[in-house]
Amino acid sequence: MFNIVKNHIDKMSISDFNKLALKNDIVFSYEELSFSYEFVKNNWFNVLENINDFDLSMYKDKFSNENYNKICKLFKSLYDKYHIFLK
């Protein structure tokens, strides 16, 4: 599973990342988009490897309240759908 994610993340451009956010009704500011994209590109492995210890609230100040809530909802939805594959 990690190889599939790695290949996808490696190929993902900031435009692709933004399209994914928009598809999930998340409209990022430039700063939010830049932070999110760089965070995912640089930290995806650590997040997935330690998924049960990942605390999204540590990054709450990087987003508007509306976007933070939408990101939490998306994260939970993806976790519920895929966590079984991360073991």
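Values reported hereafter were calculated over all heavy atoms of this structure, with side chains retained and with hydrogens, waters and symmetry mates removed.
- One hydrophobic cluster, built from ILVMFWY side chains closer than 4.5 Å, cannot hold both Val27 and Leu33; they sit in different ones.
- Here the OH-OH distance, from Tyr59 to Tyr68, works out to 11.0 Å after rounding to the nearest 0.5 Å.
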Tabulate below the donor-acceptor pairs under 3.5 Å that side-chain atoms of residues 16-26 make, not counting sequence neighbours, or state none.
{"residue": "Asp16", "atom": "OD2", "partner": "Ser13", "partner atom": "N", "Å": "3.1"}
{"residue": "Asp16", "atom": "OD2", "partner": "Ser13", "partner atom": "OG", "Å": "3.1"}
{"residue": "Asn24", "atom": "ND2", "partner": "Leu20", "partner atom": "O", "Å": "2.9"}
{"residue": "Asp25", "atom": "OD2", "partner": "Lys70", "partner atom": "NZ", "Å": "3.3"}

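- When hydrophobic side chains of Ile, Leu, Val, Met, Phe, Trp and Tyr are connected at separations under 4.5 Å, Tyr30 ends up as a singleton with no cluster partners.
- Under the side chain to side chain donor-acceptor pair (under 3.5 Å) criterion, Asp80 pairs with Lys76, sequence neighbours left out.
- Of the possible polar contacts, none joining the Glu38 side chain to the Phe35 backbone as a donor-acceptor pair under 3.5 Å is found.
- With sequence neighbours excluded, no residue forms a side chain to side chain donor-acceptor pair (under 3.5 Å) with Asn3.
- Minimum heavy-atom separation, Ser34 to Ile14: CA-CD1, 4.4 Å.
- Under the 4.5 Å side-chain heavy-atom criterion for grouping Ile, Leu, Val, Met, Phe, Trp and Tyr, Tyr82 is connected to Ile84 within one hydrophobic cluster.
- Asn52 is linked by a side chain to side chain donor-acceptor pair (under 3.5 Å) to Tyr79, counting only residues two or more places apart in sequence or in another chain.
- In this structure Lys60 satisfies the side chain to side chain donor-acceptor pair (under 3.5 Å) test with no other residue, sequence neighbours excluded.
- Residues Ile51 and Met58 share a hydrophobic cluster, clusters being chains of Ile/Leu/Val/Met/Phe/Trp/Tyr side chains in contact below 4.5 Å.
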